[in-house]
There are 2 protein chains.
Amino acid sequence: MHDILKSCELKNTKTRKLVLELLEQTHIPVSAEELYDRARAMGASLSLATVYRTLSVLTERGAVLKQSNRDGKTYYQLNDHHHKHFLVCTVCGEIVQVDACPLCKLEEELAKSTGYRITGHSLEFMGTCPRCQKEGKEKP
Amino acid sequence: MHDILKSCELKNTKTRKLVLELLEQTHIPVSAEELYDRARAMGASLSLATVYRTLSVLTERGAVLKQSNRDGKTYYQLNDHHHKHFLVCTVCGEIVQVDACPLCKLEEELAKSTGYRITGHSLEFMGTCPRCQKEGKEKP
DNA sequence: GTATCTGCAAAAGATTTGCAGCAAG
DNA sequence: CTTGCTGCAAATCTTTTGCAGATAC
């Protein structure tokens, strides 16, 4: 995580190291506020604004990916190569992990055809979970 | 679009028909405010709150997909089977369309393994467009 | 006629920003 | 030292909500 900051040309501060550490520990995308709360719970002293600023610059530099298709919040995850995708119930919000990412090949092709340097992607499936289907909250 | 409302068990009002019409016309995802502005430009009388409410219920019922990985806004598109995905420059915001969606097969598998009824997915690629690469605004 | 829908204005959230002080290289 | 980073509080911006009147069926 030291190296991530270096490769992003960012100064190596306590807050940033902590944010990166927390991002490494988590296995699903987290919101800025969740990161802030966890950092606080560990006794760290930092402000929510800084968490946002840190996530923002890391996203710009490609070290972090963001997603916000669920509720109103934005969720962040490290842009490593073990990233995961999710299937979200649009009724109750339950989340299931998807263990496949068929996109790496497509990314290469895209890079060739568009000239973009592709830094990541965001993929999320929407649906209705079995329980919500039973409870008939959805309109098929 | 008449039929969409019917199949969603929604009343067939002017505003909803207009929102669906505008969604059908556009070829890229649009924000609630863009829809509102376009409707207003056409002389329609409606409120932004209603646009949000309409999009919200259509999303719940699976007729519309939403995405919000770009700026702070949420973008909506019809959940038809000709849907498109996009490649977004994280520096300047330029958008390119991706003419492939390798996900339909994966969706079927997911539905089987999770029991979810899958209503859609949201996929977006992030990268740096050729111009921004040249201008060196990115930190590789 | 009744349940649903809409407009308006106000509220609620999430995220951003200005500025003054602090810290890393 | 100098540039970049942070905290705080205020501002901004998008989205949601309560309520009273209007509309679809």
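By convention in this document, chain letters (A, B, ...) are assigned in the order of the sequence lines, proteins followed by strands, and residues within each chain are numbered from 1.
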Any [X] side-chain heavy atom under 4.5 Å of [Y] side chain:
{"X": "B:Gln67", "Y": "B:Gln77", "result": "yes"}
{"X": "B:Leu78", "Y": "B:Leu20", "result": "yes"}
{"X": "B:Thr50", "Y": "B:Val19", "result": "no"}
{"X": "A:Asn79", "Y": "A:Val64", "result": "no"}

Could you state the [atom1]-[atom2] distance from [X] to [N], rounded to the nearest angstrom?
{"X": "B:Glu34", "N": "D:dT15", "atom1": "CD", "atom2": "C1'", "answer": "15 Å"}
{"X": "B:Leu35", "N": "D:dT15", "atom1": "CG", "atom2": "P", "answer": "11 Å"}
{"X": "A:Leu18", "N": "D:dC5", "atom1": "CG", "atom2": "P", "answer": "17 Å"}
{"X": "B:Leu48", "N": "C:dA11", "atom1": "CG", "atom2": "C1'", "answer": "15 Å"}
{"X": "B:Gln67", "N": "D:dT15", "atom1": "CD", "atom2": "P", "answer": "14 Å"}
{"X": "A:Glu33", "N": "C:dA12", "atom1": "CD", "atom2": "C1'", "answer": "13 Å"}
{"X": "A:Tyr75", "N": "C:dG13", "atom1": "OH", "atom2": "P", "answer": "14 Å"}

- What residues, two or more places apart in sequence or in another chain, satisfy side chain to side chain contact (heavy atoms under 4.5 Å, CB included) together with B:Ser56?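 So B:Ser56 forms a side chain to side chain contact (heavy atoms under 4.5 Å, CB included) with B:Glu60.
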
Could you give the distance from [atom1] ([X]) to [atom2] ([Y]), rounded to the nearest 0.5 Å?
{"X": "A:Arg61", "Y": "A:Glu9", "atom1": "CZ", "atom2": "CD", "result": "6.5 Å"}
{"X": "B:Leu55", "Y": "B:Arg53", "atom1": "CG", "atom2": "CZ", "result": "12.0 Å"}
{"X": "B:Leu23", "Y": "B:Leu65", "atom1": "CG", "atom2": "CG", "result": "10.5 Å"}
{"X": "B:Lys17", "Y": "B:Thr13", "atom1": "NZ", "atom2": "OG1", "result": "8.0 Å"}
{"X": "A:Tyr52", "Y": "A:Thr74", "atom1": "OH", "atom2": "OG1", "result": "7.0 Å"}

For a quick check of understanding: with a heavy-atom distance under 4.0 Å over all strands, which category does [X] fall into, base, sugar-phosphate or nothing?
{"X": "B:Thr15", "result": "sugar-phosphate"}
{"X": "B:Ser45", "result": "sugar-phosphate"}
{"X": "A:Ser31", "result": "nothing"}

- Item | Protein proximity profile, nucleotides 19-25 of chain C - base contact B, sugar-phosphate-only contact S, no contact -, cut-off 4.0 Å on heavy atoms | -----BS

With respect to the phosphate group of [N], does any side-chain polar atom (N or O) of [X] fall under 4.0 Å of OP1 or OP2?
{"X": "A:Ser47", "N": "D:dC8", "result": "no"}
{"X": "B:Thr74", "N": "D:dT15", "result": "yes"}
{"X": "A:Tyr52", "N": "C:dT16", "result": "no"}

- Query: So among B:Thr54, B:Leu58, B:Ile4, which one has a side-chain contact (heavy atoms from CB on, under 4.5 Å) with B:Leu10?
  - Reply: B:Leu58

Restricting to nitrogen or oxygen on both sides, can you table the protein-nucleotides 9-13 of chain D pairs closer than 3.5 Å?
none

- So what is the end-to-end bend of the helix from C:dG1-D:dC25 to C:dG25-D:dC1, with 5 pairs used at each end and the value given to 10 degrees? 50°

- Check DNA chain D against residues 36-43 of chain A and give the residues with a non-hydrogen atom under 4.0 Å, in numerical order.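 By residue number: none to list.
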
Quiz: residues 34-46 of chain B side-chain donor-acceptor pairs under 3.5 angstrom, not counting sequence neighbours:
| unit_1 | atom_1 | unit_2 | atom_2 | d |
| --- | --- | --- | --- | --- |
| B:Glu34 | OE1 | B:Ser31 | N | 3.0 |
| B:Arg40 | NE | B:Leu46 | O | 3.4 |
| B:Arg40 | NH2 | B:Leu46 | O | 2.8 |

